[in-house]
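Structure in structure tokens, see below.
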There are 2 protein chains.
Amino acid sequence: MKTPSQRAGSRAQYDLIVRHYSALSELPPADIEIIRNLPPAETWAAGAEIQTEASPSQPRFLLSGWAARFKMLRDGRRQILSIILPGDGIGVCERLTPLALSAIATLTAVRTADAAPLVAALREHSHPLLQQAVHLANAVDEKCLIDQVVRNGRHTAHERICHLFMELHWRLTLSGAVDSQTMPWPLTQEMIADSLGLSIVHVNRMLQQMRREKLIEAGHGMLTILKPEEMLAISEFRPPQPSVATG
Amino acid sequence: MKTPSQRAGSRAQYDLIVRHYSALSELPPADIEIIRNLPPAETWAAGAEIQTEASPSQPRFLLSGWAARFKMLRDGRRQILSIILPGDGIGVCERLTPLALSAIATLTAVRTADAAPLVAALREHSHPLLQQAVHLANAVDEKCLIDQVVRNGRHTAHERICHLFMELHWRLTLSGAVDSQTMPWPLTQEMIADSLGLSIVHVNRMLQQMRREKLIEAGHGMLTILKPEEMLAISEFRPPQPSVATG
DNA sequence: CGGAACGTTGATTCTCCTCAAGCGGGGTGG
DNA sequence: CCACCCCGCTTGAGGAGAATCAACGTTCCG
């Protein structure tokens, strides 16, 4: 957040988007240039509401920081629908009228880029590979939403936490933000609870158990997955079909 | 299911699709003809697996009967992701590579139509209103999936059941399959449980409570919502933004 | 008549929630 | 510089909601 050279960091942040999409569809240099030339948009503090439920969504990319799509109930209960990571798109699709869906809040300080030029390029239908990458990224988002239903519906608290951690680690790896079992971890236990439909207290106890089981290690804003195979077995997490992604 | 004239019923079944889409976007006669001329595809018994998790999905419409998209866990736990009603599309979108997502099983006997001609028309980009209708139908599906996350994550059993019932009633009304507070009800308590992440026994007890509270009335394959306002208040169900749908 | 599928009931257990309090670090203002 | 506070984490006690286990009743159907 306070890197000495924000300019140099900027290039790396756009590369997250490029790597994310390149993992899904091989992009020609022209398409990569579209991404690299997206105008930077806004900087947000932690806890800011990027988008309300009612507002039409402008398309954006997250350059740095984490955000979350969520729904509130009248009495204050909150459900996080999906966690948005650096390199992820928000509202990047061809549909002209994306039914207003949900509010988005930042979980940390966040920098975004304006995705409008990319969406405009998509609508010309002259960038088939970029279009495919966007479609696959949207399909991955949908897969994560489906996983979220299964987690909240049929998983135990322990399974839910393992599954969420594996999903986030996989997604961070996909965009190249992470290349080991250790990842940045800005989520509070309350955010985990709101994502998994649990109480804060219960999340705390489960995390302690997982630390005792030596499944994970946490501290200093980082989280390490110590036993990836075991976590996969517990959570039944499976990344989206690689056969399709490489097709 | 055993109507005297299946031929006459067939026209009404295609009209469900037309009314469903017409509620989302005003369709020109040419587009309506595309729908009416879709070739009928298959007839399935209750409990048949229309689509497996691995298989590439052919696009279809449900002409009659109910189906469900679901995920299984290794130990047999099942989570229904969404319930598919007559007039709903399955895999109807422009994306060429819809990441394999989930299996689909029939809940009752089902008749489907082949949606391939409609998808082909979409890809020509020469049917803007039909395209818009499809986009909005997909947006409604996404809204329902989001609701499913909130239900399973933050609702009590009572709220979940109320919310599911209101959603299904609203969707049946949208496609014109229902025009009162009474709707066809082929769902077993097990199906409700698998949709809402509850046990069968608990669903049974909550339904009894709801009958005692005179919220609903059930029997003979039908379900009546006796207190719609109260059910809306309990569940916080809101149909997707009408302002967008009519735009 | 027997069986299968669905609904119902009771007893018991346990996962997870709520309430309440205390701890520790990081920042702010006096 | 210190006191204070806020936030996030931790801990304990008690309780509610929902799961599980095990029957049993009905209805439908071959």
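We name chains A, B, ... by the order of the sequence lines, and we start the count at 1 in each one.
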Checklist line | Heavy-atom check, side chain of B:Glu236 versus side chain of B:His163, under 4.5 Å | finding: no

**OP:** Verify, without hydrogens or angle tests, whether A:Asp75 (side chain) and A:Arg77 (backbone) share a donor-acceptor contact under 3.5 angstrom.
**Re:** yes

Taking NZ, NE, NH1 and NH2 as the nitrogens, is one of them in B:Asp88 or B:Arg171 under 4.0 Å from a carboxylate oxygen of the other?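 Answer for the salt bridge query: yes.
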
Q. If you look at every heavy atom in A:Arg19 and A:Ser175, which pair is closest and at what distance?
A.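 Scanning both residues, the minimum pair turns out to be CB-O, 3.6 Å.
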
Name of the residue among A:Leu207, A:Thr156, A:Ile216 meeting side chain to side chain contact (heavy atoms under 4.5 Å, CB included) with A:Ile161: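 That would be A:Leu207.
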
Between protein and nucleic acid, restricted to nucleotides 27-30 of chain D and to nitrogen or oxygen atoms under 3.5 Å apart, what atom pairs and distances do you find?
none

(message) Apply side chain to side chain donor-acceptor pair (under 3.5 Å) to residues A:Gln181 and A:Thr224 and explain how you reach the verdict.
(response) CA-CA 5 Å; A:Gln181 294 308 118; A:Thr224 303; over 6 Å; no

Please find out if less than 6.0 Å separates the ring center of B:Phe165 from that of B:Trp170.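 Not under 6.0 Å, so no.
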
Identify each atom pair where a protein N or O and an N or O of nucleotides 13-16 of chain C are less than 3.5 Å apart, giving names and distance.
unit_1	atom_1	unit_2	atom_2	d
C:dC16	OP1	A:Ala157	N	3.0
C:dC16	OP2	A:His202	NE2	3.2
C:dC16	O5'	A:His202	NE2	3.4

Protein and nucleotides 3-9 of chain C: nitrogen or oxygen contacts under 3.5 angstrom:
unit_1	atom_1	unit_2	atom_2	d
C:dG7	OP2	B:Gln189	N	2.9
C:dT8	OP2	B:Gln189	NE2	2.8
C:dT8	OP2	B:Asn204	ND2	2.8
C:dT8	O5'	B:Asn204	ND2	3.4
C:dT9	OP2	B:Gln208	OE1	2.6
C:dT9	OP2	B:Gln208	NE2	3.1

| message | Closer than 4.0 angstrom, basic N to acidic O: yes or no for B:Glu190 and B:Arg78? | response |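 Salt bridge absent between B:Glu190 and B:Arg78.
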
In plain terms, say whether A:Glu167 and A:Arg151 are close enough for a salt bridge, that is, a side-chain N and a carboxylate O under 4.0 Å apart.
yes

Report task. Begin with the C-alpha distance, continue with both residues' side-chain angles, and end with the deciding distance and a verdict on side chain to side chain donor-acceptor pair (under 3.5 Å) for B:Gln208 and B:Asn204. Result -> CA-CA 6 Å; B:Gln208 287 177 53; B:Asn204 180 285; 2.3 Å; yes

